[in-house]
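Quick note: residue numbers are just sequence positions, from 1.
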Amino acid sequence: MEKYRKPDKFYTDRYDRFTIQELKMLEAKESTELQEVTDSHDRCKIEIQHCMDFKSFKNTAISRARNREATIREWMTADEHQDRLVATHPLPTNITCDSCGAPMRFCLHFFDVESIPLLFVFECPASHAPRKVIYPNGREFFFPWPTCGQCGYEVTRESYKENDVLYTTTTCPMCGSVKNDELNLNAIQRPELPVTEDDRQKYCLSFFNGRTFYEDLEALANLFDSIEEEQKEQLLKEHYEVDKIEKLTIPALENRLQKAIESTGFIKFFFAQPEMKTWAVVPFNIQDPTDRNDKKSIKAATICIQQSLYLTNWRLVGGIDYRLGCLTGKLKAYEREEDLIKLAKDIKESKK
């Protein structure tokens, strides 16, 4: 039995063929609209309308390009699912024609009819109507009787064929509505044209990274917001004199604090291993050989460190712990522009 899953190229060509046909029609339509206008101002208005129209050539091309991969994968997955259904449900047997009693032959599958995953369709070799639709377990399936679209009552249908045209009249005995349909049995199906690589490149592949008119507007608005934010930040930096903040490296920080700490009577100041994550945090250790108690020792160390780092991008975080003459704490570096502006603002306001 023929597989429903086709080679990958079948699905790619199927999607691209429709894209090319649709875009060629839109391209010709928009080109004609522009050719009929000579005034440059009016042409500009038409081009803007094309940009704003979600169904325009460009916007349709971008939409088709974005949905291409997902749609093709969806088609492949659906056909693979149908193959699995067919493989796990054997063909029903002993299906006979009600008119002549001859064994009927399988002709096609129905999928997802009335929430039923799989149905088998059989036809009489002598062309007796009707065909039979069979469940996988061999029972016959009957389609619900058609109902009136206006009142919901069951309708009656009469059909006849004339000159290879099937005429069908649907009548509702309840409300009297009548609907006539015609089906040309000899309608010639237009052959599928091959997809050329030039057309594929022009209409299908060249729009993958394209942006719609509204996305361009959004990007432009975001750009203006970004520029405005940068200008605002620059003004704040200039106002609060951010450039005057000393941005110390860890070795420079250690040298500065070493001298300040020793001048206050402390000894053996050193850094532990820095914590380099979102923030740069450096643990430190100090020893106090004097007879100061814990509170005086903590206060002296805190004042010394805060005054030494006041005009820098480093700050004491948490607090200082004291035990048996050994003091420990952490220093944190501020490197982001918004943090430096905040430090500069605090410095400037404290001078008032």
Side-chain angles (χ1 to χ4, degrees), residues 3-84 112 189-237 277-278 335-339 341:
K3 295 283 187 182
Y4 286 97
R5 175 60 158 91
K6 308 294 190 301
D8 290 359
K9 190 176 185 302
F10 169 84
Y11 302 96
T12 303
D13 286 352
R14 175 184 169 188
Y15 189 90
D16 290 350
R17 184 178 295 109
F18 181 83
T19 298
I20 292 167
Q21 290 174 352
E22 185 175 13
L23 291 182
K24 281 186 174 180
M25 287 190 295
L26 290 172
E27 185 179 43
K29 173 179 174 290
E30 293 181 7
S31 177
T32 301
E33 290 175 354
L34 287 172
Q35 287 175 358
E36 295 173 350
V37 179
T38 56
D39 182 76
S40 59
H41 179 71
D42 291 340
R43 288 177 63 88
C44 183
K45 287 173 60 177
I46 293 175
E47 288 174 348
I48 292 175
Q49 290 173 355
H50 289 166
C51 290
M52 297 176 66
D53 185 359
F54 286 106
K55 296 182 180 180
S56 68
F57 170 81
K58 181 181 178 182
N59 292 333
T60 301
I62 292 171
S63 175
R64 293 288 299 175
R66 290 177 180 175
N67 295 326
R68 183 174 186 261
E69 183 177 349
T71 303
I72 291 173
R73 171 48 54 192
E74 184 180 334
W75 288 343
M76 291 178 177
T77 302
D79 284 354
E80 289 165 0
H81 175 65
Q82 290 179 353
D83 282 335
R84 285 193 293 272
D112 295 321
Q189 188 173 5
R190 193 186 309 177
E192 291 185 342
L193 299 176
V195 177
T196 67
E197 292 308 311
D198 288 343
D199 280 348
R200 197 194 306 274
Q201 181 61 41
K202 177 181 178 181
Y203 296 101
C204 306
L205 304 181
S206 62
F207 290 93
F208 275 120
N209 297 319
R211 292 191 307 197
T212 66
F213 173 75
Y214 294 98
E215 288 169 339
D216 283 335
L217 284 181
E218 183 179 5
L220 194 60
N222 291 337
L223 176 61
F224 284 137
D225 289 343
S226 176
I227 293 173
E228 185 178 359
E229 191 65 30
E230 289 178 4
Q231 291 175 340
K232 180 181 178 182
E233 189 174 276
Q234 185 60 34
L235 290 173
L236 287 173
K237 288 170 66 177
K277 296 180 181 178
T278 304
E335 302 170 272
R336 300 185 305 187
E337 291 292 339
E338 57 266 34
D339 295 324
I341 291 173

Point-to-point distance, once rounded to the nearest 0.5 Å, from [atom1] of [X] to [atom2] of [Y]:
X    : Y    : atom1 : atom2 : value
L26  : S31  : CG    : OG    : 12.0 Å
F207 : N209 : CZ    : CG    : 12.0 Å
Q82  : K3   : CD    : NZ    : 12.0 Å
R14  : T19  : CZ    : OG1   : 11.5 Å
D8   : R73  : CG    : CZ    : 7.0 Å

Side-chain (R17) to main-chain (V195) donor-acceptor, under 3.5 angstrom:
no

Answer yes or no: is there a donor N or O on one side and an acceptor on the other, between the side chain of T32 and the main chain of A28, under 3.5 Å?
yes

What pairs with [X] under salt bridge (charged side-chain N to carboxylate O under 4.0 Å, His left out), at least two apart in sequence or on another chain?
X    : result
R211 : D216
K6   : none
E69  : none

Residues at least two apart in sequence or cross-chain that pass side-chain hydrogen bond (donor to acceptor under 3.5 Å, both in side chains) with R68, listed by chain then number, are D16

With sequence neighbours excluded, tell me which residues meet side-chain hydrogen bond (donor to acceptor under 3.5 Å, both in side chains) with R66.
E215

Salt bridge check, E27 against K24: does any charged N sit closer than 4.0 Å to a carboxylate O?
no

[X] versus [Y]: any side-chain heavy-atom pair under 4.5 Å?
X    : Y   : answer
R84  : Y4  : no
R200 : D13 : yes
R64  : T60 : yes

Contacts of type side chain to side chain contact (heavy atoms under 4.5 Å, CB included), residue T71, not counting sequence neighbours
Y15, N67, W75

Considering all heavy atoms of both residues, which atom of [X] and which atom of [Y] are nearest to each other, and what is their separation?
X    : Y    : result
L23  : Y203 : CD1-O, 3.2 Å
I72  : Y11  : CG2-CB, 3.8 Å
C204 : A65  : O-CB, 3.9 Å

Verify side-chain contact (heavy atoms from CB on, under 4.5 Å) between M76 and F10, making sure each step is shown before the conclusion.
CA-CA 10 Å; M76 291 178 177; F10 169 84; over 6 Å; no

